[in-house]
Chemist: 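This is the structure, below, for whatever I ask next.
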Amino acid sequence: MSEKNRSLEPRIEEFKSAKEGDIPRSVEELSPEEWERLKEVGIEPQAQREGEFIQTDARVVHCKSLPEGLELLPVTEALKKYDGLEEYWWKAVPADKDQYTKATDEDLDDGYFIRVLPGYKLVYPVQTCLYIRTPGVVQKVHNIIIVEEGAELNLITSCTTHPHVRSGFHIGVSEFYVKKNARLTFTMIHYWGEETHVRPRTGIIVEEGGTYISTYVTLHQVATVQAMPNCRLIGPGAKATFGSVVAAPQGSYLDLGARVSLEAPETRAEIISRSVSYGGESIARGHLIGKAPEIKAHLECQGLMLSDEGAIKAIPQLDAHYANVDMSHEAAVGKVAQEEIEYLMARGLSEEEATSLIVQGFLSVRIEGLPQTLQERIDRAIELAREGL
Amino acid sequence: MRKEPLLEIRDLWVEVEGKEVLKGVSLTIPKGETHALFGRNGSGKTTLLMTIMGFPMYRVRHGQILFKGEDITTLPPFERARRGIGIMFQRPPTIRGVKLREMLKLCAKENGVKIEELAREFGFEAFLERDVNRGFSGGELKKSELLQLLIQDPDLVLLDEPESGVDMENIQVVGRMIRKLLQKDTHRPRTKSGLIITHTGFILQYVPADLGYVMMDGTIYCEGNPQEIFEGIQKHGYEECLQCLRRIEA
């Protein structure tokens, strides 16, 4: 695998500002071809949603919020409206974390601000989309998501590039605040151009009794993605689950994981990762830190190698600081079982069909607590990508 | 009048992991007939079924397999499945993340068989939403296999100890499913054929066989009335077969 040949640290200077992009005024200007791509990541104009947000390069081209109890704004507007969002801005992710957060702090393109008011439980998902339309730009996004006490939100973020754009750079800072007894499920589906670099920088703070469930899906070739969301469970009984569904085609370098710090008694965390390599490199990290007694945390990494090229590296880490903790991990990497392939062949599937069905099954991990609609979206994404698997 | 042969095996020699397991097996299954295969563990019965299905681990060193008159000796399993051969696995693997319903749809190959209806007929509809074979009991595995076969609707069904691990309650359902698969309840001329491996002979109460074979050390020792052969084995064990006058000289 050509780790050595690949630019793992993309340089921001080598990309144009997203503000110089060829940005339409509204979504009506997008071509049918672009809509096809957006549909593939789940942006469907007819779907039932509580709110919708689409940012193209540096500009918010669509922002619509229906129900009472939901605030959805371009983050630049929210900053004005709420006096710089002092309580939340760079509070879950440090501004000086790395060169990418620094660059975003210095020159922000935009992003979304979502707030669900206390006690409001939104039924349908809120859909956001970060879209790179112009080749060779760096898109710097900063999102703030607040789910107030006792509220519930299902958020889907779909990120993609124009079907003809191969290279680009997406930096996405996201700060999530899950208040007391609130619940947030966050599903992120990526479908980038082949030479795109992606650096999500995510911080999550979950208060007492709050629940955060995150699912990340990437199934298409992308140059590099490096992400390690940092989640702090600061109140008793807070819970976090991270699931990732990853396919690494040739040419992809994916370094993905999650870190959960369990800082209050009776907090729970689970990290589940499924990755398939068919020529690309996938690193599955997980880091669980037990900083309080009576916590429970589990980490599971499973990998399928479909070729002798590429690599899968499972890197689990558990840190315990108290005696009374229950922390575990399991990791397994292997190939598709011949027995399963032959079984399906005996039912009339060719070897290729059998393998792709097994891979699809392997990736369709069930994340506990994930709403059915989101699970269906993930299953659909896997199904769409299956031909390539 | 001789019935039209569906499967013909001619002097089949098969090697598994460098070891000769089948040493010159010949048999013919006519269209519409069910044949039973008896024999000790390790005599080569399962190898014969797996070779008919075409799994690569079973290397044909010599001989021929003809199905519907076509030489299929070198075809991969899915080509044989598509031509109308189906197999029931003794220990089928779990296919994680794939729902039984999805698998059945793939087996159906647009033949119009109603998945829902069939599952309900055999009290198995609750399993359609479960991962294929995941956490299934012995009886449930058999039902899952037979449901897949009923939907695949093959002309030749290979059954490897269909009754093993099935409790008394479920054996009737399993029996009914096999009867349906082999058209045992139809009055019209049957078109479906079967080859059944059985240790206990129990399944023959539900699915009568037209001909029985005894396999020993990779060859077919004798053939005849399956009920008589089975009773003989029950009384005298396989030792008797060694002296049997009906032995077919290789």
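Just so we're clear, the structure is a prediction, and the values are computed from it rather than from any experiment. Lettering of chains follows the sequences in order, A, B, ..., and the numbering in each one begins at 1.
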Chemist: Can you confirm whether A/Y124 is buried at OH, in the sense that more than 12 heavy atoms of other residues, nucleotides or ligands lie under 6.0 Å from that atom?
Modeler: no

Chemist: A quick test of your reading: do over 12 heavy atoms of other residues, nucleotides or ligands sit less than 6.0 Å from NZ of B/K184?
Modeler: yes

Chemist: Please answer whether the main-chain N or O of B/I87 pairs with a side-chain N or O of A/R347 as donor and acceptor at a distance below 3.5 Å.
Modeler: yes

Chemist: Got more than 12 heavy atoms from elsewhere within 6.0 Å of CZ, B/R59?
Modeler: no

Chemist: Might you confirm whether atom NZ of B/K143 has over 12 heavy atoms from other residues, nucleotides or ligands at distances under 6.0 Å?
Modeler: yes

Chemist: Heavy-atom count around B/E17 CD within 6.0 Å, excluding the residue itself: above 12?
Modeler: no

Chemist: Got more than 12 heavy atoms from elsewhere within 6.0 Å of NZ, A/K121?
Modeler: yes

Chemist: Report the distance from atom CD of B/E79 to atom CE of A/M345, rounding to the nearest 0.5 Å.
Modeler: 8.5 Å

Chemist: What residues of residues 124-133 of chain B sit under 4.5 Å from chain A when you count only heavy atoms?
Modeler: B/V132, B/N133

Chemist: Might you point out which heavy atoms bring B/F55 and A/A346 nearest each other, and give the distance in Å?
Modeler: CZ-CB, 3.8 Å

Chemist: Among residues 89-102 of chain B, which residues come closer than 4.5 Å to chain A, judged by heavy atom distances?
Modeler: B/F89, B/R91, B/P92, B/P93, B/T94, B/I95, B/R96, B/G97, B/V98, B/E102

Chemist: Tell me whether A/D308 at atom CG has more than 12 heavy atoms from other residues, nucleotides or ligands lying less than 6.0 Å away.
Modeler: no

